[in-house]
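From a predicted model like this one, the values you see are computed outputs, not experimental measurements. Residues: numbered from 1 along the sequence shown. Ligands are counted one by one from 1 in listed order, and the atoms in each one are counted from 1 as well.
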Amino acid sequence: MVVVANPPVVDQIPLLRSPGPRDSFAAVPVVDLSRPGAARAIVDACERFGFFKVVGHGVSADTMDRAESEAVRFFSQAQADKDRAGPAYPPFGYGSKRIGLNGDMGWLEYLLLAVDDSASLSDSCAAPSNAAFRAALNEYVAAVRKVALRVLEAMAEGLGIAAADTLSAMVTEQGSDQVFRVNHYPPCPALQGLLGCSATGFGEHTDPQLISVLRSNGTSGLQIALPGGAAAARWVSVPSDRDAFFVNVGDSLQVLTNGRFRSVKHRVVTNSLKSRVSFIYFGGPPLAQRIAPLPELLGEGEESLYKEFTWGEYKKAAYKTRLGDNRLAQFEKK
Ligand SMILES: C=C1C[C@]23C[C@@]1(O)CC[C@H]2[C@@]12CC[C@H](O)[C@@](C)(C(=O)O1)[C@H]2[C@@H]3C(=O)O
Ligand SMILES: O=C(O)CCC(=O)C(=O)O
Ligand SMILES: [Fe+2]
């Protein structure tokens with residue numbers, strides 16, 4: 001990572017080298033969920049990158065557009081009005097620039113929201129209070145969650161697991177820990193005149209859950225780290241596509257597959273020109289769920305690479321870490 005010296009206005013937000021055309025990840029795996037062969041293609045992408053794009057998902061453009069325009073309306077309110085929907089911690093609501101509780105900063109504002117067992121925004125969180133926004137988000141969350149479940153079922157099929165719902169059941173069971181996030185990355189005016197510099201929108205990290213399903217408004221900025229083996233990881237920019245979803249493998253799925261799927265390191269880079277709005281659904285299991293390699297996936301004599309833990313234990317540990325920390329390291333068997 002190239003970090004340039006801090007300028008005055010964005011002084012707590014790390015600057016990064018602006019991505020150029022040669023950094024574009026043109027070969028992002030694309031999976032058409034409506035076609036035979038999706039299961040195999042998903043497994044292949046998860047093994048190689050922990051990341052892929054989903055088309056043929058069946059979610060209507062209306063559902064996505066309504067949620068997006070309501071989100072744009074929410075974030076265009078006066079700061080005092082948005083602050084009334086916060087703070088983001090504890091436990092959920094609106095936040096700005098501060099990510100997590102351990103000092104991470106990014107050039108963004110966001111809503112962090114809990115999703116309940118019936119796939120609606122949890123009543124325990126009053127934000128957002130606007131009825132039209134809440135209804136649009138509820139419609140979107142129900143739709144994106146179905147996509148996540150279909151993807152998890154296809155993963156199980158592609159992995160040759162007998163029970164098709166082995167993975168999807170973990171996020172549909174009572175008490176599953178589902179989170180929804182709306183991120184807004186405004187243009188960063190302080191970057192004007194700083195040639196070749198971008199600001200960190202959301203610093204590099206892996207997602208702790210099983211699966212994350214992302215959709216953005218078509219403004220680029222998402223980057224993933226390509227596995228580099230012994231060499232340093234190479235950051236590549238994911239060409240945006242407002243009609244598609246992007247799926248990240250999370251740390252928990254890496255463990256359930258004993259490292260066969262890799263949880264993808266990713267980040268968001270912002271510029272001085274265009275706002276990015278993104279929606280991310282994070283599918284996590286109930287707190288008591290044991291996270292350990294699925295027996296069907298262990299070869300003869302193969303042992304788990306990880307110590308035993310529950311999702312609750314992992315989440316508690318994860319929330320004590322900085323964004324860029326290797327959260328799984330403390331659970332790896334030496
Ligand atoms: C710095 C942090 C933010 C985060 C909690 C953490 O301590 C480490 C994991 C971070 C992350 C990344 C994926 C999701 O955006 C998120 C909601 C999650 O579950 O883990 C965030 C957490 C957050 O923003 O609170
Ligand atoms: O906003 C984005 O596009 C991605 C953000 C992200 O990775 C996250 O919220 O975990
Ligand atoms: Fe993420």
Are Phe279 and Phe92 grouped together when hydrophobic residues (ILVMFWY) are joined by side-chain heavy atoms under 4.5 angstrom apart? no

Between ligand 2 and the protein, tabulate every N or O atom pair separated by less than 3.5 Å, reporting distance only.
residue: ligand 2; atom: 1 (O); partner: Asn183; partner atom: ND2; Å: 2.9
residue: ligand 2; atom: 1 (O); partner: Tyr185; partner atom: OH; Å: 2.5
residue: ligand 2; atom: 1 (O); partner: Ser278; partner atom: OG; Å: 2.6
residue: ligand 2; atom: 3 (O); partner: Arg276; partner atom: NE; Å: 3.3
residue: ligand 2; atom: 3 (O); partner: Arg276; partner atom: NH2; Å: 2.7
residue: ligand 2; atom: 3 (O); partner: Ser278; partner atom: OG; Å: 3.3
residue: ligand 2; atom: 7 (O); partner: His205; partner atom: NE2; Å: 3.2
residue: ligand 2; atom: 7 (O); partner: His266; partner atom: NE2; Å: 3.0
residue: ligand 2; atom: 9 (O); partner: Asn183; partner atom: ND2; Å: 3.3
residue: ligand 2; atom: 10 (O); partner: His205; partner atom: NE2; Å: 3.1
residue: ligand 2; atom: 10 (O); partner: Asp207; partner atom: OD1; Å: 3.4

Partner of Tyr281 under side-chain hydrogen bond (donor to acceptor under 3.5 Å, both in side chains), picked from Gln178, Arg181, Gln209, is Gln178

Ring pair (Phe, Tyr, Trp, His ring centres under 6.0 Å) with Phe133: of Tyr94, Tyr140, Phe74, only one passes, and it is Phe74

Do [X] side-chain atoms and [Y] backbone N/O form a donor-acceptor pair below 3.5 Å?
| X | Y | answer |
| --- | --- | --- |
| Glu313 | Thr310 | yes |
| Arg215 | Arg242 | yes |
| Thr200 | Pro14 | yes |
| Arg322 | Asn102 | yes |
| Thr321 | Asp325 | no |

- prompt: Would Phe49 and Phe25 count as a close aromatic pair, with their ring centres under 6.0 Å?
  reply: yes

With the side chain counted from C-beta on, respond yes when Leu149 and Val171 share a heavy-atom pair under 4.5 Å apart, and no when they do not.
-> yes

Lining ligand 1 at under 4.0 Å, by non-hydrogen atom distance, are residues Tyr89, Ile99, Gly100, Asn102, Asp104, Leu112, Arg181, Phe202, His205, Asp207, Pro208, Gln209, Phe282, Ala318, Tyr319, Thr321, Leu323, Arg327

Between Val59 and Ala143, the two heavy atoms sitting closest are CG1-CB, 3.9 Å

message = Can you confirm whether more than 12 heavy atoms, excluding those of Arg98, are under 6.0 Å from its CZ atom?
response = no

Residues pairing under salt bridge (Lys or Arg N to Asp or Glu O under 4.0 Å) where one sits in residues 31-40, two or more places apart or in two chains, turn out to be Asp32-Arg35

Protein-side N, O or S atoms sitting under 2.8 Å from the Fe ion (ligand 3) are His205 NE2, Asp207 OD1, His266 NE2

